[in-house]
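Note sheet for the following structure.
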Amino acid sequence: MTHIYTRFILADEINKELNQAFIRRVIESGGTIIFPTETVYGIGGDALNPKAVKAIYEAKGRPSDNPLILHISKKNDVYKYAKNISVHALRLMRVFWPGPLTLIFEKKDIVPKETTGGLNTVAIRYPNHPVAKKIIRIANTPLAAPSANISGKPSSTTFKHVCADLDGRVNIIIDGGDSPIGIESTVVDMTTKVPVILRPGFI
Ligand code: AMP
Ligand code: MG
């Protein structure tokens, strides 16, 4: 892929108006931003914009049929992107959100097929990391954010590892220290009568 100029921003400096404006502009234009979450670092982009989703896959060098997780910054946003949310799901959200739990729902039309790997379902997570929450709020849109590593390599949990893999492949990298958990989120399918754990994770 062509070289992208990567700008580095310290997590402590995302409250600066100039940085927030820059982050918002990058997201709005379909660009990519790497940020820490409590599980691993993610390569984020506007989950509702196919151009951003394409840029994420390109940065990772990953095949585009692998569905992405929508990261939201308030619980009620789940209703904007998902249909038929069960009482079981509401209970799980009450106990584990924000946190390392990803839930699969039927998707609403606003979520493009590019994001879900062609599926009619959508994966949603509300992360519990102050920097991740802040970035999603600044973006003002859900962020698709698969792990910040080149496809096939281990998921990055440190700023150093992120830079080694992806400097020159994304627009922004946030330096937010180490990811406290370091293990992927648990994925649970809520579209079946009995919920099914699709991927074991921290929970
Ligand atoms: P991650 O690599 O942590 O971003 O997680 C992405 C993983 O979440 C995918 O590889 C799938 O295992 C799972 N996933 C995401 N969206 C869906 C979906 N709509 N249906 C089933 N699994 C999904
Ligand atoms: Mg990964």
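Both counts, for ligands and for their atoms, begin at 1 and track the order of listing.
Set against the non-hydrogen atoms of Ile104, the atoms of ligand 1 under 4.0 Å away are 17 (C), 18 (C), 20 (N), 21 (C), 22 (N), 23 (C). Listed by atom number, the atoms of ligand 1 under 4.0 Å from Asn66 heavy atoms are 9 (C), 10 (O). Proximity to Thr121 (heavy-atom distance under 4.0 Å) selects the following atoms of ligand 1: 18 (C), 19 (N), 20 (N). Near Leu119, meaning under 4.0 Å from one of its heavy atoms, ligand 1 places the atoms 18 (C), 19 (N), 20 (N). Under a 4.0 Å criterion applied to the non-hydrogen atoms of Ala123, ligand 1 contributes the atoms 15 (C), 16 (N), 17 (C). The atoms of ligand 1 that sit less than 4.0 Å from any heavy atom of Glu184 are 3 (O). Below 4.0 Å from some heavy atom of Pro67 lie the following atoms of ligand 1, by number and element: 6 (C), 9 (C), 14 (N), 15 (C), 16 (N), 17 (C), 23 (C). Within ligand 1, the atoms closer than 4.0 Å to a non-hydrogen atom of Leu198 are 21 (C), 22 (N), numbered from 1 in the order shown.
Cluster partners of Ile23 are Ile9, Ile14, Phe22, Val26, Ile27, Ile33, Phe35, Val131, Ile135, Ile136, Ile138, Leu143, Ile172, Ile174, counting Ile, Leu, Val, Met, Phe, Trp and Tyr whose side-chain heavy atoms approach within less than 4.5 Å, directly or via other members.
The OH atom of Tyr81 lies 7.0 Å from the CG atom of Leu70; values are rounded to the nearest 0.5 Å. Atom-to-atom distance recorded for Thr191:OG1 and Asn120:CG is 10.5 Å, nearest 0.5 angstrom. Taking OG1 from Thr115 and CG from Asn49, the interatomic distance works out to 8.5 Å, rounded to the nearest 0.5 Å.
When non-hydrogen atoms are compared, ligand 1 lies under 4.0 Å from the side chain of Arg199 (C-beta onward) but not from its backbone.
Using a 4.5 Å heavy-atom cutoff, the side chains of His88 and Met190 are in contact. In this structure, the side chains of Asn15 and Gln20 come closer than 4.5 Å at one or more pairs of heavy atoms.
Using a 4.5 Å cut-off between side-chain heavy atoms of Ile, Leu, Val, Met, Phe, Trp and Tyr, with links allowed through other members, Ile181 and Val40 fall into different hydrophobic clusters.
Within 4.0 Å of atom 12 (O) of ligand 1, not a single protein heavy atom is present.
Looking only at protein heavy atoms, the nearest one to atom 4 (O) of ligand 1 is Pro146 CA, 3.4 Å.
Every pair passing side-chain hydrogen bond (donor to acceptor under 3.5 Å, both in side chains) that includes a residue from residues 192-203 is listed here, sequence neighbours excluded: Ser185-Arg199.
The angle that Ser155 OG and Ser147 OG make at the Mg ion (ligand 2), rounded to 10°, works out to 90°.
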